[in-house]
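Notes follow the structure.
Just so we're on the same page: letters track the sequence lines, and every chain starts at 1.
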There are 2 protein chains.
Amino acid sequence: MHPTRSRLITVATRLFQQRGYHAIGLSEILALSETPKGSLYHHFPGGKQELAEACIRRNAESSMAALDRVSATGLDIIGFLRNLSDVTEAWLQRTDWLDGSLLAAIGQEQGGASSPLGEAVRIAYQRIEMRLARWLMAEGVAVARARDMAATIIASQEGALVLARSRHDATPVRLVTDMLCAMVDRG
Amino acid sequence: MHPTRSRLITVATRLFQQRGYHAIGLSEILALSETPKGSLYHHFPGGKQELAEACIRRNAESSMAALDRVSATGLDIIGFLRNLSDVTEAWLQRTDWLDGSLLAAIGQEQGGASSPLGEAVRIAYQRIEMRLARWLMAEGVAVARARDMAATIIASQEGALVLARSRHDATPVRLVTDMLCAMVDRG
DNA sequence: CCATCGCTAGACTGCTCGGTCTATGTTGGC
DNA sequence: GCCAACATAGACCGAGCAGTCTAGCGATGG
């Protein structure tokens with residue numbers, strides 16, 4: 001991957017996840033990444049939208065990679081949820097509550113309308129969910145139950161993130177994690 | 001409340017909750033509500049931002065009113081959660097997955113940064129949460145537990161909404177509701 | 001019948017947006 | 001050493017943005 005291309009995705013991801021797609025101007029992305037406009041349109045002929053799609057794809061990839069890393073450590077499901085909660089909390093505090101979920105941020109703005117970005121978000125969620133469900137199955141959860149659990153985990157974590165960021169308080173993340181652990185405990 | 005003012009809030013709320021704050025131009029709000037620009041700035045001297053604040057406030061008020069209405073019917077907590085799920089599902093389908101949560105949509109775009117809109121969203125969430133917690137307490141839930149449950153319910157419902165809208169599928173709402181019911185059942 | 005004032009009406013402004021275009025490096029194969 | 005191909009660089013453009021301003025409408029009270 002070309003360094004300029006990568007740098008643009010990194011910077012744009014950070015900005016989009018903090019304030020959404022429409023709130024961020026190209027000028028801000030270009031200034032923060034110290035990239036001229038010509039380079040952006042060289043690497044992303046489709047402009048802002050294509051850049052955002054690349055951000056979404058990379059975001060899904062890195063989420064799945066993180067999931068694989070956890071599954072390789074042999075952690076059980078409860079351990080995974082606790083770990084996720086701790087990592088999320090640390091991340092929120094480290095970024096001063098500025099960072100949020102890229103998929104939620106962009107997804108909200110596309111609404112239910114069919115648009116390339118909305119579609120990209122849908123696919124990203126779906127891929128992460130499938131990877132999570134697959135791991136749950138490997139941990140002994142039945143197929144249908146694993147799919148449901150994966151969707152439930154992602155939905156409630158995303159919601160907790162929204163609330164926590166608004167309140168500048170990670171409590172919702174911990175509360176939701178407790179509930180998810182209880183759900184897992186009871187099968 | 002002046003009809004023009006009310007109409008502006010109604011139309012702006014619908015648009016903001018579908019696509020967020022920055023994605024909506026004043027021109028769109030004015031065209032859809034058949035209001036000239038002068039009227040908007042007469043009723044909302046602070047412009048777009050003041051209008052959005054009014055939307056957020058009204059949104060919180062109507063959420064709390066809906067809560068009060070449910071509590072007046074004598075429904076228990078499980079009944080309330082089931083009812084909320086059904087209503088949400090019907091709403092999503094009726095609006096063709098276009099509508100979403102106003103507070104989540106605007107909240108995402110303000111991120112953790114301190115801004116008038118971010119503050120308005122924080123207060124709106126807090127008020128709804130307190131009203132919900134108060135009702136839970138009236139249903140016999142202990143004080144601290146009621147506060148936690150209220151935050152958990154709001155967080156996971158908001159997240160379910162995000163996911164459901166992206167997928168054009170209300171399953172996440174039902175899944176999260178099931179989990180919340182289980183949580184309530186076990187105290 | 002008129003003066004007042006809340007409200008409507010929309011032309012206008014300065015600005016920033018995303019996107020295009022041409023010119024200029026820079027680099028690797030021959 | 002030379003030529004493509006790749007990549008950087010930023011001036012430039014039309015469109016659309018939020019917001020301002022002046023003019024006029026219409027009901028209400030004197």
Side-chain angles (χ1 to χ4, degrees), chain A residues 1-56 102 105-106 108-111 113 115-121, chain B residues 1-56 102 105-106 108-111 113 115-118 120:
Chain A
M1 169 107 71
H2 197 285
T4 301
R5 185 183 162 87
S6 176
R7 194 176 63 247
L8 278 168
I9 296 178
T10 303
V11 169
T13 296
R14 200 169 75 233
L15 291 172
F16 287 149
Q17 80 184 348
Q18 286 180 357
R19 277 178 281 143
Y21 180 72
H22 292 284
I24 302 299
L26 286 190
S27 59
E28 208 169 341
I29 298 171
L30 297 174
L32 215 76
S33 63
E34 294 173 285
T35 308
K37 208 168 235 191
S39 298
L40 192 156
Y41 280 89
H42 173 76
H43 293 288
F44 303 94
K48 192 185 182 187
Q49 179 172 297
E50 187 179 338
L51 173 58
E53 287 172 27
C55 292
I56 292 166
L102 177 74
I106 297 186
Q108 289 282 358
E109 294 181 90
Q110 307 305 311
S115 63
L117 283 185
E119 191 64 7
V121 169
Chain B
M1 166 110 68
H2 197 286
T4 301
R5 186 183 162 86
S6 175
R7 196 176 62 247
L8 278 167
I9 296 178
T10 304
V11 169
T13 296
R14 201 168 76 232
L15 290 172
F16 287 149
Q17 80 183 347
Q18 287 181 355
R19 276 179 282 143
Y21 180 72
H22 292 284
I24 302 298
L26 286 190
S27 60
E28 208 169 340
I29 298 172
L30 297 174
L32 216 74
S33 63
E34 294 173 284
T35 308
K37 206 166 239 188
S39 298
L40 193 155
Y41 280 90
H42 173 76
H43 293 287
F44 303 95
K48 191 185 181 186
Q49 179 172 297
E50 188 181 337
L51 172 59
E53 287 172 27
C55 292
I56 293 166
L102 177 75
I106 297 186
Q108 288 284 355
E109 293 181 273
Q110 307 305 313
S115 63
L117 283 185

* Asked: For C:dC7, does either OP1 or OP2 sit under 4.0 Å from a side-chain N or O belonging to B:H2?
  -> yes
* Structure fact -> In whole angstroms, the gap separating C1' of D:dT20 from NZ of B:K48 amounts to 17 Å
* Atom pair distance, as rounded to whole Å: CG in A:L40 and P in D:dT8 -> 10 Å
* Structure fact -> Regarding the side chain of A:Y41, the nearest nucleotide among C:dC7, D:dT8, C:dG18 is C:dG18
* **Short side-chain N/O contact to C:dC17 OP1/OP2 from A:S27, under 4.0 Å** => yes
* Does OP1 or OP2 of C:dG10 have a side-chain N or O of B:K37 closer than 4.0 Å? -> no
* So which heavy atom on A:E28 is nearest to which on A:A23, and how close? -> OE1-O, 4.5 Å
* To do: Map A:P45 and B:H43 onto DNA chain C by nearest heavy atom, then report which one ends up closer to the 5' terminus.
  => B:H43
* **Heavy-atom pair of closest approach, residues A:V11 and A:I29** => CG1-O, 3.9 Å
* Measure from CZ on A:F44 to C1' on D:dT8 and round the result to the nearest Å. => 15 Å
* Asked: What is the distance, rounded to the nearest whole Å, between atom CG of B:L26 and atom P of D:dT20?
  -> 11 Å
* Toward the 5' end of DNA chain D, by each residue's nearest nucleotide, A:S39 or B:Y21 -> A:S39
* Could you tell me which non-hydrogen atom of A:K48 sits nearest to which non-hydrogen atom of A:Y21, and how far apart they are? => NZ-O, 3.0 Å
* Let me know the distance between NE2 of B:H42 and C1' of C:dG10, rounded to the nearest Å. => 16 Å
* Is there a donor-acceptor contact under 3.5 Å from the side chain of B:E109 to the main chain of B:H22? -> yes
* What is the distance from CD of B:E34 to C1' of C:dG10, rounded to the nearest Å? -> 15 Å
